[in-house]
Amino acid sequence: MKLEHRTSSAERRSPSRPPFAKGRRDRTSSIQRRTSNIEYRATGSPRGPGRGCAVTFLALCLILPSPVRLDARTLSLDEARSLALQNNEEVLIAEQGVAQAEGAVTEAYAGALPNITVQAQYTGNFKKPAFFLPAEFFGGEDDSTNGGSTGESSGGPVKIEIGSDTEFAGALRLDQTLYAFGRVGNAVKFAGIYRRMAGLGVDAARSSVLFAVTEAYSRVLLLEKLVDIQRQGLEQARSHLRDIEEKHAQGAESRFALQRATVEVKNREPDLIRAENTLVLASQDLKRIVGIADEPDPLLSDTLGYSPMAADVNRAMAEALLNRPEIRALELNVEGQQRVVSIYKANILPVLGAFGQVSVQGQADKDDLAAAFDENSQVSMSAGLVFSVPVFDGFRTRGKVQQARAGLSKARHELAQARKAIRLDVTKAVQDLQGLTREYEAQRATVELAEEMYQIAETRFRSGISTQLELNDAELALNLAKTNYAETLYRYNVAVANLERASGRTAGSAARPAVDHSTGHEG
């Protein structure tokens, strides 16, 4: 729904009147600067094309029929937030961090579980190894008669071949750490802390993305309102031009008045084109954040509105220090660094473990391979305890403990720094909201007075009492008041969302613009 300003009769009776002492040129420049600033926030670049391109584009828009977006989806803020949580890359990246942390937990538990190893080996002896013995070992006889292969006479060394043509061996081994003086337990606890920190990272990413959705959604609503203001101003200028043309034809208006009204129309056309271009870019930015960049620009079903919100700085600060994902993650980081110190300290303590092993080995010649699995094989079994004590590791453990202690001190300082930054963030968010609450009331009264002033000026102009210049001045004052009012509503709703984010109340959801769905009435 488009943002529309509605006023009651009681509101129109407001006694306060805004100062309209500034000149017409100052008001025009102010409106254009507002549009330019919003365009810069949406695109990161100054406002766009020159007057020649703008006039050409406007002419094409007037000739060609406006396309009807039959395939465009209707998008509420709740739906936009839901889509962003599913599609936004920042959230998806943080969720993959949780998957990595789950793997780290599994890896840490490996130190507490048994380690089972199976090993098998096959060896084919194409030329068997041998060793040599003096002939005296065989009574000086020819070595060929004693299993030798040299064929030499007695007195020479006798070569004895060992092994068979085929050998195999296999083993099944189990190793289990029984007690490591805190190494395994602290590693498991540290991995669990890492997993919880990754989960808090997802919460922080969701909070950031949801705030960005709220801001982008509200910015599109604001720009739609500014486009309406520019379009209404252009239509009013054209209507006044037609009136002056009729009066000029009857001799009731001068040629100067006619030219002045024509220039006024031409001056308003580029402003409308710039506002429409800025709206297109803001819609694209919203689609990028939501994750529907390939779809047509959505039709936004919500509207900017005003709903009073109490802002207590002490309550918000207490909630922030308790609930902000960043604070909770840094608190876990301190705990994790304490575990790291304990792990490295345990490296100078002994380790007690147990092992068990079953081995089988056999060998045979090529013409009797079956014997390798029968009479020429042997199965052996063993088990025992292992107690190891590190005596000296070249001060490696000492260096690691020193690094871990420095990391713990760094984590504590980071936590203290973050708490100070969050206190400042919450204080600013509360002050912004309180200031915008007062600004909203003032801007609403200003719009009412500007509308009344314009109605009087238009009546005087049509009655021939006032000039075109007086009417233009009243119209510019009204457009400036409407622009300020719309921007105040935008900033107020963003401030509400920012306070919700800063206080940590909605790690999984962000604040939304206030809207009465039954009437669509803002405020």
Side-chain angles (χ1 to χ4, degrees), residues 1-7 11 18 27-28 30-43 47 61 66 69 72 74-77 80 213-237 268-287 297-307 436 439-451 454 475-497 512-517 519-523:
M1 292 183 292
K2 294 294 181 64
L3 178 63
E4 297 179 357
H5 177 65
R6 297 179 175 87
T7 57
E11 291 170 340
R27 296 192 186 98
T28 305
S30 177
I31 295 175
Q32 293 176 348
R33 283 197 302 270
R34 302 274 182 171
T35 306
S36 178
N37 291 336
I38 296 170
E39 176 182 358
Y40 182 81
R41 288 197 296 270
T43 65
R47 63 183 186 180
C61 292
S66 300
R69 298 181 297 173
T74 300
L75 187 67
S76 68
L77 182 56
V213 171
T214 303
E215 186 178 26
Y217 194 99
S218 301
R219 184 168 60 245
V220 172
L221 292 175
L222 169 63
L223 290 169
E224 286 180 347
K225 177 59 178 176
L226 296 184
V227 168
D228 286 343
I229 292 173
Q230 296 288 349
R231 186 177 291 116
Q232 291 171 8
L234 179 59
E235 290 301 322
Q236 288 170 347
R268 291 175 183 268
E269 290 172 351
D271 292 336
L272 175 59
I273 294 173
R274 282 192 291 267
E276 290 174 339
N277 289 342
T278 306
L279 174 60
V280 171
L281 294 175
S283 297
Q284 292 177 355
D285 187 47
L286 173 62
K287 293 191 297 180
D297 291 346
L299 303 174
L300 305 189
S301 60
D302 290 345
T303 182
L304 289 175
Y306 176 81
S307 178
L436 286 166
E439 186 177 337
Y440 167 78
E441 297 296 338
Q443 292 295 342
R444 186 176 63 173
T446 301
V447 170
E448 295 166 4
L449 292 174
E451 286 179 338
Y454 177 76
E475 182 184 350
L476 286 171
L478 175 59
N479 288 342
L480 179 59
K482 288 182 178 180
T483 299
N484 291 337
Y485 177 74
E487 190 174 68
T488 299
L489 275 178
Y490 160 74
R491 292 166 55 206
Y492 177 83
N493 282 275
V494 173
V496 171
R512 57 167 299 148
V515 59
D516 184 352
H517 290 284
T519 62
H521 177 57
E522 70 277 9

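- Nearest approach of Thr488 to Glu439, heavy atoms of both residues: OG1-OE2, 3.2 Å.
- For Ala495, the side-chain contact (heavy atoms from CB on, under 4.5 Å) partners two or more places apart in sequence, or in a different chain, are Leu433, Leu436.
- Taking CG of Leu304 as the start and CD of Glu487 as the end, the distance is 11.5 Å to the nearest 0.5 Å.
- Taking all atoms of both residues into account, the shortest heavy-atom contact from Tyr454 to Gln236 is OH-CD, 3.6 Å.
- The line from CG of Leu226 to OG1 of Thr278 is 9.0 Å long, rounded to the nearest 0.5 Å.
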query = Could you go step by step and tell me if Asp271 and Arg268 meet the salt bridge (charged side-chain N to carboxylate O under 4.0 Å, His left out) rule?
reply = CA-CA 5 Å; Asp271 292 336; Arg268 291 175 183 268; over 6 Å; no
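- Nearest heavy atom pair, residue Ala450 against residue Ala477, reads CB-O, 4.2 Å.
- Using a distance-only test at 3.5 Å, with no hydrogens or angles considered, a donor-acceptor pair links the side chain of Asp302 to the main chain of Leu77.
- Closest of all the heavy-atom pairs between Asn493 and Ser218 is CB-OG, 4.4 Å.
- For the atom pair CG of Leu279 and CG of Asp297, the computed distance is 7.5 Å after rounding to the nearest 0.5 Å.
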query = Which is it for Arg231 and Asp228 under the salt bridge (charged side-chain N to carboxylate O under 4.0 Å, His left out) test, yes or no, and what are the steps along the way?
reply = CA-CA 5 Å; Arg231 186 177 291 116; Asp228 286 343; 3.4 Å; yes
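- For the side-chain contact (heavy atoms from CB on, under 4.5 Å) test, residues two or more places apart in sequence or in another chain that qualify with Glu215 are Phe211, Arg219, Tyr490, Val494.
- Glu451 places a side-chain heavy atom less than 4.5 Å from the side chain of Lys482.
- To the nearest 0.5 Å, the span separating CG on Leu480 from CD1 on Ile229 amounts to 9.5 Å.
- Summarising the geometry of Val227 relative to Leu272, their closest heavy-atom pair is O-CD1, 3.8 Å, with the distance given to 0.1 Å.
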ask   = When you look at Thr446 and Asn484, which way does the side chain to side chain contact (heavy atoms under 4.5 Å, CB included) test go after all the steps?
value = CA-CA 9 Å; Thr446 301; Asn484 291 337; over 6 Å; no
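- Checked against side-chain hydrogen bond (donor to acceptor under 3.5 Å, both in side chains), Glu441 has the following partners two or more places apart in sequence or in another chain: Arg444.
- Closest approach of Asn479 to Gly233, counting heavy atoms only: ND2-CA, 4.2 Å.
- Taking the six-membered ring where tryptophan is involved, the planes of Tyr306 and Tyr440 are essentially parallel, since the angle between them stays under 30° and well short of 60°.
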